[in-house]
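Everything below concerns the one structure shown next.
Values below: all heavy atoms of this structure, side chains included; hydrogens, waters and symmetry mates excluded. Just so it is clear, the structure is predicted and the values come from calculations on it, not from any experiment.
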Amino acid sequence: RVKNDAKLSFNSSSLGNYKAISNYSSMQNFDSLMFLYNIGYPVYVNTIDDISYEPVFLSILGVKYICTENKYTGAYGLSLIDKTEDNYLYRNTYALSPGFVLPEEIKDFEFTHNSNPFEQINDFASKIADVGNIYESIYPDGDTLSVEPGTQLFIYNKSSGLNQTFVSEDGEEEIFSTHKNGLYMHRKGIDDNYIYYVYSSPKGGYIHFDSSDKATELIAYTLNSNNYDKFMTHLSENQMTVNSHSQNVLSGEINSHQNGIIMTSLAYNKGYKVYVDEKKVDTYSVSDALLAFDVESGTHKITIHYTSYGFIPGTVISVLSLLLLLTFYIISHKK
């Protein structure tokens, strides 16, 4: 998948023929919308945007490349591939394959609505590996939030009227508020909040707010890069190797070190059929959103088939209707 901040529309991936999370459709699956909102994505009634940057699930959802107008200086796990005058292309070195093994406890994990996304991601990670908190909270002092050099800062606004100015140690100022690079941080829809990455923070400095009262509404966290590295390394050791893929079939192998579940980055749908060592297995969803299935320890061949739900009965009904129409036509013609 590709994350593209410089896109022309929410459906630029369809125009440019690349896979992305961003999408605009009145047929959006509500559970998928809520899942992405709960982990800090900008989500509206029928739209998913990917202008936010949250590295943990960016990697879990297999986003391998980032095309952006923003210079992600010091962003851990991103390597600069190319740049033009206005855009940068990064590779996410932690992007996972479409499937990886997790402990059975994750089967019942639920991301909840209107909760702190950073703490939910910490909780999710703690049930998978003993790595400590990936995100660590920091708090403003009055109307100022100090940012140490080298810090990767993430904010999650609770107030749509909050205006902030980031001032780096070299005096450079950057204002980010309700409007940023032509994109609104707060928009009408399911909710107004999403994770925003302050990409200038590796310079160090401080963030000044236009109100001390509003500053207390800010949820601000820094990334513990060591814990993030340990967590993603743990996941990558138990991920699926893809041997082949097409429009509706994905196949590969996985070596599971434990009995557990394979959680995929595919949105759960009844149209999926999964085979482990050529035997069909039951599927279910993690947090009502991602396709998953059980697996025992050892090396296994995995095949995932997709057929649009209702396609077969729909085809049968259409054929029977056509035959009935032809029968009526023949009888009518004879008369």
Any chance the rings of Phe57 and Tyr41 have centres within less than 6.0 Å?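 No; Tyr41 has its ring centre 6.0 Å or more from that of Phe57.
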[X] atom [atom1]: more than 12 heavy-atom contacts under 6.0 Å:
| X | atom1 | answer |
| --- | --- | --- |
| Lys107 | NZ | yes |
| Tyr309 | OH | no |
| His257 | NE2 | yes |
| Gln258 | CD | yes |
| His305 | NE2 | yes |
| Leu320 | CG | yes |

Any donor-acceptor N/O pair, [X] side chain to [Y] backbone, under 3.5 Å:
| X | Y | result |
| --- | --- | --- |
| Thr47 | Tyr24 | no |
| Ser25 | Met27 | yes |
| Thr233 | Lys230 | no |
| Asp277 | Lys279 | no |
| Lys301 | Ser251 | no |
| Arg1 | Leu61 | yes |
| Ser126 | Asp123 | yes |
| Asn70 | Tyr72 | no |
| Asn11 | Ser14 | no |
| Ser22 | Phe10 | yes |

Between Lys7 and Asp49, does any side-chain N to carboxylate O distance fall below 4.0 Å?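 Salt bridge between Lys7 and Asp49, a charged N being under 4.0 Å from a carboxylate O: yes.
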Co-membership, hydrophobic cluster, residues [X] and [Y], 4.5 Å side-chain:
| X | Y | value |
| --- | --- | --- |
| Val56 | Ile106 | yes |
| Leu102 | Phe35 | yes |
| Met240 | Tyr306 | yes |
| Leu223 | Tyr90 | yes |
| Ile39 | Ile128 | yes |

Considering all heavy atoms of both residues, which atom of [X] and which atom of [Y] are nearest to each other, and what is their separation?
| X | Y | answer |
| --- | --- | --- |
| Tyr135 | Pro55 | OH-CD, 3.2 Å |
| His113 | Met34 | ND1-CE, 3.1 Å |
| Pro42 | Ile51 | CG-CG1, 3.8 Å |
| Ser256 | Val101 | OG-CG1, 3.5 Å |
| Ile254 | Asn238 | CD1-O, 3.6 Å |
| Ser115 | Gln120 | CB-NE2, 3.5 Å |

Taking the side chain as every heavy atom from C-beta outward, state whether [X] and [Y] have any pair of such atoms under 4.5 Å apart.
| X | Y | answer |
| --- | --- | --- |
| Asn122 | Glu136 | no |
| Ser321 | Ile317 | yes |
| Phe100 | Ile60 | yes |
| Val131 | His234 | no |
| Val63 | Asp50 | no |
| Asp294 | Glu104 | no |
| Leu235 | Tyr94 | no |
| Asn4 | Ser13 | no |

Please verify the inter-ring angle class for Tyr76 with Tyr228; under 30° counts as parallel, over 60° as perpendicular, anything in between as tilted.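 Aromatic pair Tyr76/Tyr228 classed perpendicular.
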Going by the angle between their ring planes, with limits at 30° and 60°, are Phe109 and Phe111 parallel, tilted or perpendicular?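 Phe109 vs Phe111 ring planes: perpendicular.
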Can you find a side-chain donor-acceptor pair between Gln152 and Tyr53 that sits under 3.5 Å?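 No - no donor-acceptor pair under 3.5 Å links their side chains.
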Could you tell me if Ser59 and Asn92 have a donor-acceptor pair between their side chains, going purely by distance under 3.5 Å?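 Asn92 vs Ser59: donor-acceptor pair found between side chains.
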Nearest 0.5 angstrom please: [X] [atom1] to [Y] [atom2], how far?
| X | Y | atom1 | atom2 | value |
| --- | --- | --- | --- | --- |
| Thr303 | His300 | OG1 | NE2 | 13.0 Å |
| Thr222 | Leu153 | OG1 | CG | 7.5 Å |
| Tyr272 | Thr264 | OH | OG1 | 7.0 Å |
| Tyr284 | Asp108 | OH | CG | 9.0 Å |

Of all residues at least two apart in sequence or in a different chain, which pass the salt bridge (Lys or Arg N to Asp or Glu O under 4.0 Å) check with Lys280?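 Partners of Lys280 by the salt bridge (Lys or Arg N to Asp or Glu O under 4.0 Å) criterion come out as none, since no residue qualifies.
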